[in-house]
Amino acid sequence: MEHLIGVLPYLLVGLQWTFLITVIGVAIGFVIGTFAGLGRLSKNKLIFGICTVYVEIIRGTPILVQILFIYFGVSDLFGINLDKLTASIIAIALNAGAYIAEIVRGGVQSIDKGQFEAGDSIGLTKSQTMWHIIWPQAFKRIIPPLGNQFIISLKDTSLFSAIAVHEILYQGRQYASSVFVYFEPYLMVAIFYLAITIPASLLLRRLERRLDV
Amino acid sequence: MITVENLYKSFGDNEVLKGISNEIAEREVVCVIGPSGSGKSTFLRCLNLLEEVTSGTITIDGQVITDKDVDVPKIRSQVGMVFQHFNLFPHKTVLENIILGPMKVRKLSREEAEEKAYELLEKVGLSDKAKDYPASLSGGQQQRVAISRALAMDPKVMLFDEPTSALDPELVGEVLSVMKELAQDGMTMVVVTHEMSFARDVGDRVIFIDEGIIMEEGDPKEMFANPKSERLKTFLGQIL
């Protein structure tokens, strides 16, 4: 019991890191994913090609490889010293971005062709049609999978313990190995993740209901 | 007003329009009829470049719209289009549906655009629905809003692609009467339709398209009474 309490200060530090990396990372990932997803629908072969290669590379490699590649590999290649927080945020943003790109593409493709034609027929440009007509409808539809991606990315940050980011799992492990007790600290680690993901799910469901998706 | 010369359109190997030529005068109401798959909708969609033509030229009000370097959105903004399935924007109110084009394309102020929208809604009898969303309207009401949305752009010509085909029978009349009024106001109209009574009463001319060509055309009453081609006879026999 004492270790359930004892681990708390560690995990509270970890919580801040986990939260920071996830929120900033997924927010940037959303921007990347929106452009990459629209790029995957582009008739321009170069844009389509770049976006497709990006999505396939990220989807086809484990996120652990991605973080190690960014933190050690890229730093090594360019002789720069990326700090752990920056590397983590980049990794989550790139990773989530690829999955969000597919979510965005699916969302836009789910909109009836007649909506594009109606926009065209009143003389809107392609980007005006996208911005005023397609995107608002598509965005409503992709809220559930976006929320799902947020939760996945949040859990993925636990892998960053591999580069000693002080996120929740890393903090719990540090504590456990310093006191040689493992059950209670890891139980608390699990509870911490659930303490974020369950409210996030509930919030999402309420949002969906309000938007009637 | 509209001149179509030798219009061809293929989708892959499938040749849908096989050389259509026609002249449509200002203030003329032309009804296009024909069996499904005959190419009549494709013909209509070529007139506002929703379909890219394979070869041939279309001239609207002196401008060759089939040239490669034309400003496509600008041309479309001058040609109103009404769709079979209305295609109203479901996330926007009736009023917002109508003012979007005038504000974004014609650069009218919101006040000007709204004033115009209310005038049009008054005309189609839907002033009280301005703040409603399309989903709360009947099909007939939605189509009347869609007509207003197209008219808000002050088009030179209005195209109708089977505007009443998706409506319950009792709602067809209200849409047709709006279209009839529009014709009486002198709008140039091209209407793809199965409503033979509309073609007869309102149409100045009927074009019968079959297998991608204009098989027969002329005065509606004359054509329906004395069809020359076997195909038109068969077609009229099936739908009348």
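Just so it is clear: chains get the letters A, B, ... in the order the sequence lines come, proteins before strands, and each one is counted from 1.
Looking only at heavy-atom pairs under 4.5 Å with chain A, the residue among B:Q84, B:Q78, B:R45 that has the most is B:R45. Heavy-atom pairs under 4.5 Å with chain A peak, among B:N48, B:V82, B:L49, B:L50, at B:L50. Contact tally against chain A (heavy-atom pairs below 4.5 Å) for B:S77, B:P155, B:G101, B:P102: the top residue is B:S77. When the candidates B:L88, B:D71, B:I75, B:V72 are compared by the number of heavy-atom contacts under 4.5 Å with chain A, B:L88 comes out ahead.
Using the six-membered ring where Trp is involved, A:F139 and A:F30 have ring planes that are perpendicular, over 60° apart on the 30 and 60° scheme.
No donor-acceptor pair closer than 3.5 Å links the side chain of A:Q66 to the backbone N or O of A:A91. Under the 3.5 Å distance criterion, the side-chain polar atoms of A:N44 are matched with a main-chain donor or acceptor of A:L46.
A salt bridge is absent between B:D204 and B:R27; no separation between the charged side-chain nitrogens and carboxylate oxygens falls under 4.0 Å. Using a 4.0 Å cut-off between charged nitrogen and carboxylate oxygen, A:E102 and A:R59 count as a salt-bridge pair.
Looking at A:E117, both its backbone and its side chain come within 4.5 Å of chain B, counting heavy atoms on both sides. Heavy atoms of B:F83 lying under 4.5 Å from chain A belong exclusively to its side chain.
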